[in-house]
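Model, not experiment: these values are computed from the prediction. We name chains A, B, ... by the order of the sequence lines, and we start the count at 1 in each one.
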Number of protein chains: 2
Amino acid sequence: MSITVSKSAFRRLPGYLNYLYHKKSQGFSTISATVMAEEMNINSVLVRKDLASTGTVGRPKSGFKVDELIRNIIEMLGYNNSSEAVLVGAGQLGRALLSYGEFESHGVKIIAAFDTDQEVCHTEINEKKVFPLEQLPRLVSRLRVPIGVIAVPAGVAQDICDKLVDAGIQAIWNFAPVHLQVPETILVQNENMAASLAALSQHLKRNQMGWRA
Amino acid sequence: MSITVSKSAFRRLPGYLNYLYHKKSQGFSTISATVMAEEMNINSVLVRKDLASTGTVGRPKSGFKVDELIRNIIEMLGYNNSSEAVLVGAGQLGRALLSYGEFESHGVKIIAAFDTDQEVCHTEINEKKVFPLEQLPRLVSRLRVPIGVIAVPAGVAQDICDKLVDAGIQAIWNFAPVHLQVPETILVQNENMAASLAALSQHLKRNQMGWRA
DNA sequence: TAGATTGTTAATCGATTAACAATC
DNA sequence: TAGATTGTTAATCGATTAACAATC
């Protein structure tokens, strides 16, 4: 399996997957890239290329088999073999993430959380234990957890990040609004809500002012 | 003010802003694009172009004034004149979003929430009232709220989306893992956590297998 | 067969990077 | 002045789109 996908194509795959689940639930067993493209507002050649990148081949006239596409996209996205993660910061956002049941089916399984607040330590949220922050280095390195989720205030995020890196983490999912400094081999995936918010307000401003894209 | 910024440049601005706040707190009054680029792992020409896109001019040798950059980026991102929003779906995620205090300083002010659950209706979360879903059309159209935040399960997201659009919303911030169908004039900003998760697992898989980018 | 749809090759577009002159 | 740093112009790179032949 040495199929390569561009980063941008990769980001569209989850969207296709949702769409395909929806179509499947409506009873479709095949789907054409043309229809997909139209309904998803994406260029049809792009859709065909993206689908081809998953290793699926379609048939002229009938299109692609829905089940096969779903299987291949799941495979591509790594949803079927999930990696373990720890979450740091059991505040409002952290608790929401812990309670959100969908991560595991998306390739990431949160196995424990850490916090400095004595009140939440040793409690459980959605069956995940919250440990005192001091125990992070020992637990993470012993269990070889590959993913760290940062849901702490901006001011302490870099500090937590360093601790995770020292403990041997390989990828970080960062919800704190800061640019984290990490060694090159470590992936930081920023959940960039600030950028989303900015895009929203810009859209509104443009509309108000009658600007053009 | 008719400065145009590419979408990709726009997405980097919040990062620069965080970085600049950090530098300012350390006592820096000027900063060079060269240093910024190095510390943020971005190409320095790109940084200079991005900063130029905010209308800020630097001086050879000394660089840019931190305060001026901060002012201009905030202006560009629309953080200083926030738009009102309503949130639909006061579940775990919805409540976390309601409790998260940072949106207002990022240009979006959530003024109310809606839910179908009788138990949460008429309660307050972080001083925001939760109304029964039935009242959405009337309230949103009467108050001319421009932004709708969707934090409901995937199955009902399109339905909620349609209601928001009918009520005259202009932009949607979508946390549900579905591709929403909207008229062309409406912006949908997807908070694409599934894509982030996929990127994380792909990074891990590649590292394990010794693949190259 | 005729027509819809795939998949590929070439053209375009936009964003990033390289090279370099201008300037404090 | 010398050197760091800006800002601009040209080159490169990657992703998207257009054109079209292949095929069910």
Under 3.5 Å, sequence neighbours excluded: what are the donor-acceptor pairs made by side chains of residues 136-155 of chain B?
from: B/Ser141; atom 1: OG; to: B/Pro137; atom 2: O; distance (Å): 2.6
from: B/Ser141; atom 1: OG; to: B/Arg138; atom 2: O; distance (Å): 3.3

Worksheet entry | Close approaches to DNA chain C from residues 60-70 of chain A, in residue order (heavy atom, under 4.0 Å) | A/Pro60, A/Lys61, A/Gly63, A/Phe64

Worksheet item: So which of residues 14-33 of chain A are in contact with DNA chain C, with a heavy-atom cut-off of under 4.0 Å?
Response: A/Ser32, A/Ala33

Practice prompt. Please report, rounded to the nearest Å, how far the P atom of C/dT5 is from the CE atom of A/Met36.
Written response: 14 Å

Worksheet entry | Per-nucleotide protein contact string for nucleotides 15-20 of chain D (B base, S sugar-phosphate only, - none; heavy atom under 4.0 Å) | SSBB--

Worksheet item: Does B/Ser44 make a side-chain N or O approach to OP1 or OP2 of D/dT5 shorter than 4.0 Å?
Response: no

Discussion item. Stem list for DNA chain D, please, built from Watson-Crick and G-U wobble pairs under 3.5 Å and keeping only runs of at least 3.
Written reply: C:3-24 with D:3-24

Discussion item. Could you work out, with side-chain contact (heavy atoms from CB on, under 4.5 Å) as the rule, every residue matching B/Ala9, not counting sequence neighbours?
Written reply: B/Val5, B/Ser6, B/Arg12, B/Asp50

Worksheet entry | Set of side-chain contact (heavy atoms from CB on, under 4.5 Å) partners for A/Glu191, sequence neighbours left out | A/Trp173, A/Phe175, B/Glu191, B/Met193, B/Ser196

Worksheet entry | Sequence neighbours excluded - side-chain hydrogen bond (donor to acceptor under 3.5 Å, both in side chains) pairs with any residue from residues 148-162 of chain B | B/Gln158-B/Asp162, B/Asp159-B/Lys163

Fill in: Minimum-distance pair of heavy atoms, taken over all atoms of A/Pro14 and B/Asn192
CB-OD1, 4.5 Å

Worksheet item: What is the minimum heavy-atom distance between A/Ala33 and A/Phe64, and which atoms define it?
Response: CB-CE1, 4.0 Å

Worksheet item: Are any of the side-chain heavy atoms of B/Ser105 and B/Glu102 separated by less than 4.5 Å?
Response: yes

Practice prompt. Could you pull out all residues at least two apart from B/Lys61 that satisfy salt bridge (Lys or Arg N to Asp or Glu O under 4.0 Å)?
Written response: none

Discussion item. Run the salt bridge (Lys or Arg N to Asp or Glu O under 4.0 Å) test against B/Asp115 and tell me which residues pass, sequence neighbours left out.
Written reply: none

Under 3.5 Å, sequence neighbours excluded: what are the donor-acceptor pairs made by side chains of residues 66-73 of chain B?
from: B/Asp67; atom 1: OD1; to: B/Lys24; atom 2: NZ; distance (Å): 2.7
from: B/Asn72; atom 1: ND2; to: B/Thr56; atom 2: OG1; distance (Å): 2.8

Give every donor-acceptor pair under 3.5 Å between a side-chain atom in residues 34-42 of chain B and any protein atom, sequence neighbours left out.
from: B/Glu39; atom 1: OE1; to: B/Tyr19; atom 2: OH; distance (Å): 2.7
from: B/Glu39; atom 1: OE1; to: B/Lys23; atom 2: NZ; distance (Å): 3.2

Discussion item. Using a 6.0 Å cut-off, check whether atom NZ of A/Lys128 has over 12 heavy atoms from anything other than its own residue.
Written reply: yes

Worksheet item: Are the side chain of A/Asn174 and the backbone N or O of A/Ala176 linked by a donor-acceptor pair below 3.5 Å?
Response: yes

